[in-house]
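See structure below.
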There are 2 protein chains.
Amino acid sequence: MSITSDILRGHTEAIILSHLLEQDSYGYQINKDIMKKTENRYELKEATLYSAFKRLEQAGYIRTYWGDETVGARRRYYAVTENGRKAYQSYKREWEEAKTIIDQLLK
Amino acid sequence: MSITSDILRGHTEAIILSHLLEQDSYGYQINKDIMKKTENRYELKEATLYSAFKRLEQAGYIRTYWGDETVGARRRYYAVTENGRKAYQSYKREWEEAKTIIDQLLK
DNA sequence: CAACATACCTCGCCTGTCAAGGTATATTTT
DNA sequence: AAAATATACCTTGACAGGCGAGGTATGTTG
């Protein structure tokens, strides 16, 4: 991993929501997907992931259900709710604004 | 202020260094300048500012000296060191990479 | 003379990250 | 068959940065 977590801090929830908007998924898979998407430049650590799930669920942005695996370990799937969809749009706008501001300040 | 602090977190030191690279300055002024530069969309809170100064000085990225004001309150000026200049370049590269990664993940 | 602006600074809480640990099942290697 | 690895879940507690709230001192303005 080459990116320090403090810079990514605060984006975890948006990253998860974005990923779940593509399709429902589960913790272990999301962790692997993020690494793959970023070619190992960024890893969303498991502990970070699960604490974000908790916040997202409490906020009503995601809901969960158990997969019906007949083989292998059980999987807890996550799905974005309607409120989550809206929250994602808001996160995204915030990111665009933050990007502009930081770019302005780091000249 | 419209940008949440968690998104800006971790950029404080880079923002300060960038500002000081333009010219030496002091706490109160930097605080005002950042607000002006961002048209009040972002405020670097004083407590945040001073704790960042401490870290930057401890890291050897800035040095300080007292202004020679004959009127008004005394001012503690900050100046970027050579190491600070290098650190800034590093922060900047990190920011560019983080930007790419987040843009990739928030589709 | 009260209020506000300039200028400095500290303390302690809050929150997100994550190392380290744990559980259980399935597959692959020795 | 035992050991190692991979898949999958989860919690605890430490740590660090941000910042609200508070403090000090001087100068200016209504």
Side-chain angles (χ1 to χ4, degrees), chain A residues 1 3-17 24-36 42-59 61-62 64-78 91 94 98 101-102 105, chain B residues 1-17 24-36 42-59 61-62 64-78 91 94 98 101-102:
Chain A
M1 211 234 299
I3 286 296
T4 66
S5 47
D6 258 331
I7 286 195
L8 276 299
R9 188 185 172 114
H11 297 290
T12 305
E13 295 172 23
I15 290 170
I16 293 172
L17 285 178
D24 292 6
S25 190
Y26 55 98
Y28 192 84
Q29 184 64 45
I30 293 173
N31 178 269
K32 292 278 174 287
D33 282 350
I34 301 297
M35 275 196 284
K36 198 174 174 190
Y42 177 52
E43 181 185 3
L44 227 179
K45 303 283 160 42
E46 280 199 23
T48 304
L49 196 57
Y50 285 108
S51 67
F53 282 150
K54 206 168 287 176
R55 290 195 302 274
L56 285 168
E57 198 178 359
Q58 244 150 31
Y61 296 162
I62 57 175
T64 85
Y65 56 94
W66 287 100
D68 58 352
E69 286 70 44
T70 46
V71 295
R74 73 218 163 124
R75 297 170 177 171
R76 184 197 281 279
Y77 281 85
Y78 298 90
Y91 278 132
E94 237 183 71
I101 289 180
I102 298 174
L105 293 177
Chain B
M1 211 234 301
S2 53
I3 287 295
T4 66
S5 47
D6 259 330
I7 286 194
L8 274 302
R9 189 187 171 112
H11 296 293
T12 304
E13 297 173 22
I15 289 169
I16 293 172
L17 285 179
D24 292 6
S25 191
Y26 55 98
Y28 193 83
Q29 184 64 44
I30 294 174
N31 177 269
K32 293 279 173 288
D33 283 350
I34 301 297
M35 274 195 284
K36 199 173 173 191
Y42 177 51
E43 181 186 3
L44 226 178
K45 303 287 160 42
E46 281 199 23
T48 305
L49 196 56
Y50 287 108
S51 67
F53 282 150
K54 206 168 285 175
R55 291 195 301 275
L56 285 167
E57 197 178 358
Q58 244 151 33
Y61 295 162
I62 57 175
T64 86
Y65 57 94
W66 288 100
D68 58 352
E69 286 70 44
T70 47
V71 295
R74 72 216 164 127
R75 296 170 178 171
R76 185 197 281 280
Y77 280 86
Y78 297 91
Y91 278 132
E94 236 182 72
I101 289 179
I102 298 174

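Reckoned from all heavy atoms, side chains included, excluding hydrogens, waters and symmetry mates. Just so we're on the same page: letters track the sequence lines, and every chain starts at 1.
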Supply the atom-to-atom distance [X] [atom1] to [Y] [atom2], rounded to the nearest 0.5 angstrom.
X	Y	atom1	atom2	result
B:D6	A:D6	CG	CG	9.5 Å
B:T12	B:L17	OG1	CG	11.0 Å
B:I101	A:H11	CD1	NE2	11.0 Å

Open item on the list: Check whether B:N31 reaches the backbone of B:L44 with its side chain - one donor and one acceptor, N or O, closer than 3.5 Å.
Closed with: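 Flag set: sc B:N31 to bb B:L44 pair under 3.5 Å.
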- [ ] Between B:D6 and A:Y28, name the one whose nearest nucleotide on DNA chain D is closer to the 5' end.
- [x]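 Nearest-nucleotide comparison on DNA chain D picks A:Y28.
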Open item on the list: Both A:G27 and B:G10 contact DNA chain D. Taking the nearest nucleotide for each, which residue is further toward the 5' end?
Closed with: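 Nearer the 5' end of the strand: A:G27.
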Open item on the list: Please classify the nucleic acid contact of A:R75 as base, sugar-phosphate, or nothing, using heavy-atom distances under 4.0 Å.
Closed with: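 Contact class for A:R75: sugar-phosphate only.
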Atom pair distance, as rounded to whole Å: [atom1] in [X] and [atom2] in [N]:
X	N	atom1	atom2	answer
B:K36	C:dT6	NZ	P	12 Å
B:L44	D:dG17	CG	P	14 Å
B:I30	C:dC8	CD1	C1'	13 Å
B:M35	C:dA5	CE	P	12 Å
B:N31	C:dA7	CG	C1'	11 Å
B:Y26	C:dA5	OH	P	15 Å
A:K45	D:dC9	NZ	P	18 Å
B:I7	D:dC19	CD1	C1'	17 Å

Task: B:Y78 vs B:K32, nearer the 5' end of DNA chain C by closest nucleotide - done: B:K32
- [ ] Look at the side-chain N and O atoms of B:T12 and state whether any lies under 4.0 Å from the OP1 or OP2 oxygen of D:dG18.
- [x]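 Looking at the OP1 and OP2 atoms of D:dG18, one of them is under 4.0 Å from a side-chain N or O of B:T12.
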- [ ] Establish, yes or no, whether the cationic atom of A:K54 lies under 6.0 Å from the six-membered ring centre of A:Y50 and within 45° of the ring axis.
- [x] no
- [ ] Can you spot which of B:Y77, B:Y26, B:Y78 makes a ring pair (Phe, Tyr, Trp, His ring centres under 6.0 Å) with B:F53?
- [x]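 Checked B:Y77, B:Y26, B:Y78 against B:F53; only one passes ring pair (Phe, Tyr, Trp, His ring centres under 6.0 Å): B:Y78.
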Task: N/O donor-acceptor pair, side chain A:R9 with base C:dT15, under 3.5 angstrom - done: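 Yes, the side chain and the base share a sub-3.5 Å donor-acceptor pair.
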Open item on the list: Measuring only between side-chain heavy atoms, which start at C-beta, is B:I16 closer than 4.5 Å to B:I34?
Closed with: no
- [ ] Scan residues 46-59 of chain B against DNA chain C and write down, sorted by residue number, each residue with any heavy atom closer than 4.0 Å; if none is found, say none.
- [x] B:E46, B:A47, B:Y50, B:K54
